[in-house]
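Chain A is the first sequence line, chain B the second, and so forth, proteins listed ahead of strands; every chain is numbered from 1.
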Protein chains: 2
Amino acid sequence: MIEYPLLLEKFQTLLKENALKFTKQRELVLKFLYENNGHFTPEDIYTLLKEQHPDVNIGIATVYRTLALLETSEIASSISFGVQGKKYELGLKKHHDHLICTKCGNIIEFYDEIIEERQEEIAKKFNFQMTDHTMKITGLCEKCQ
Amino acid sequence: MIEYPLLLEKFQTLLKENALKFTKQRELVLKFLYENNGHFTPEDIYTLLKEQHPDVNIGIATVYRTLALLETSEIASSISFGVQGKKYELGLKKHHDHLICTKCGNIIEFYDEIIEERQEEIAKKFNFQMTDHTMKITGLCEKCQ
DNA sequence: GTATATGCAAAGCGTTTGCAAATAC
DNA sequence: GTATTTGCAAACGCTTTGCATATAC
């Protein structure tokens with residue numbers, strides 16, 4: 001896993017390159033994702049940040065804006081839950097897919113080389129230029145059965 | 001592919017079994033999905049039905065309610081597009097996954113036995129009781145590259 | 001000093017719901 | 001006749017946006 005100072009530097013370089021400013025709020029969101037390994041809604045992040053940093057003023061709009069920025073910069077990634085919104089995680093890890101428990105909401109990550117290969121082959125077969133792919137397995141986790 | 005009268009009968013039986021009523025609106029939605037092979041948003045279906053049947057009064061709430069009914073009855077299925085909502089299709093076909101063009105919105109269906117098998121194995125490995133799984137490959141279709 | 005970023009509140013959008021009227025059975 | 005379904009409009013929840021103020025540079 002990348003060290004935080006390196007991640008921060010990467011983020012700052014990216015901001016500079018795009019003439020964007022390095023702000024307390026942007027750093028807080030980045031740091032939050034780094035320190036809290038897991039999947040969070042914008043609302044989660046907003047609430048926890050306000051709790052953990054009562055001194056810093058942060059609005060939910062900024063959390064949304066920062067997450068969008070981090071996602072297009074490929075520093076964060078998200079999984080969609082339909083009407084219920086999205087959950088974000090630090091996106092620097094190796095590509096992976098998700099098992100999602102419909103009862104407790106827990107998310108398990110996995111990576112499968114064979115599936116990855118098949119996806120490439122399928123895209124090729126349809127002359128499709130793949131830019132992304134997601135796979136979600138939903139059901140009941142071990143604890144919830 | 002199933003013949004329409006058979007599908008209709010299946011639907012009517014299902015309604016009867018659950019003490020639900022067979023209405024013009026419900027039939028129209030079913031027929032729409034049968035006749036229009038493809039993937040449609042509730043809005044699409046609502047608009048096209050109003051156009052094609054100016055004599056019948058139908059509200060968008062009824063379209064939503066009927067699609068939900070068809071989906072839980074496994075007559076229709078949906079793919080989620082995050083904030084942009086869901087698209088529905090007749091769900092009686094064999095299970096399949098989707099290639100989605102981010103430019104023209106076109107959706108290609110595919111089925112891959114190896115991927116299906118791997119999914120089963122992954123669920124087993126995590127002691128996960130799989131109830132559903134979806135896979136989406138996004139990118140550019142042949143025409144849009 | 002200037003341009004960008006922010007918080008706030010209002011608006012947006014797909015979806016759901018309460019309710020009185022309409023309809024299937 | 002009675003229970004379910006409907007259309008309508010209002011409410012909903014997540015997300016985005018306009019704008020005046022604050023802040024990074």
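Below 30°, between 30° and 60°, or above 60°: for His96(B) and His39(B) the angle between ring planes is above 60°, a perpendicular geometry. Ring geometry, His133(B) versus His95(B): the interplanar angle exceeds 60°, so the pair is classed perpendicular (tilted spans 30 to 60°).
In this structure, the CG atom of Leu20(B) is 10 Å from the P atom of dC25(C), given to the nearest Å. Nucleotide dT16(C) holds its P atom 9 Å from the CD atom of Gln84(A), rounded to whole Å. Regarding Glu27(B), its CD atom lies at a distance of 13 Å from the P atom of dT6(D), rounded to whole Å. For the pair Tyr46(A) OH and dG7(C) P, the computed distance is 9 Å after rounding to whole Å. Phe81(A) places its CZ atom 12 Å from the P atom of dT15(D), with the value rounded to the nearest Å. The separation between Asp44(B) atom CG and dG14(C) atom P is 11 Å, rounded to whole Å. Separating the NZ atom of Lys86(A) from the C1' atom of dC13(C) is a distance of 15 Å, rounded to the nearest angstrom. Residue Lys21(B) contributes atom NZ, which lies 5 Å from atom C1' of dA24(C) at whole-angstrom precision.
Summary of the strand contacts: Phe22(B) and Ala68(B) both lie near DNA chain C, and taking for each the nucleotide with the nearest heavy atom, the more 5' one is attributed to Ala68(B). When each of Leu15(B) and Lys50(B) is assigned the nucleotide of DNA chain D with its nearest heavy atom, Leu15(B) is the one assigned upstream, toward the 5' end. Between Val83(B) and Ala19(A), the one whose closest nucleotide on DNA chain C sits nearer the 5' end is Ala19(A).
In the model, His98(B) has a side-chain atom that pairs as donor or acceptor with a side-chain atom of Glu89(B) under 3.5 Å. When only modelled atom types and interatomic distance are considered, Tyr111(A) and Glu113(A) share a side-chain donor-acceptor pair under 3.5 Å.
Screening Leu69(B), Ile75(B), Thr66(B) against Leu30(B) for a side-chain contact (heavy atoms from CB on, under 4.5 Å) leaves a single residue, Ile75(B).
Contact annotation for Arg26(A): backbone-only contact, meaning every heavy-atom pair under 4.0 Å involves sugar-phosphate atoms and none involves a base. Residue contacts shown for Ile60(A) are absent, as no nucleic acid heavy atom lies under 4.0 Å away. No engagement by Glu43(B) is indicated, since no non-hydrogen atom pair under 4.0 Å with the nucleic acid exists.
Note on Tyr64(B): a side-chain N or O is less than 4.0 Å away from OP1 or OP2 of dT15(C). Distances shorter than 4.0 Å separate some side-chain N or O of Gln25(A) from OP1 or OP2 on dG7(C). Taking only side-chain nitrogens and oxygens, Thr23(A) comes nearer than 4.0 Å to OP1 or OP2 of dT6(C).
Comparing atom distances between the Pro42(A) side chain and each of dC8(C), dT15(D), dA24(C) picks out dT15(D) as nearest. The nucleotide whose nearest atom lies closest to any side-chain atom of Arg65(B) is, among dG18(C), dA24(C), dT4(D), dG18(C).
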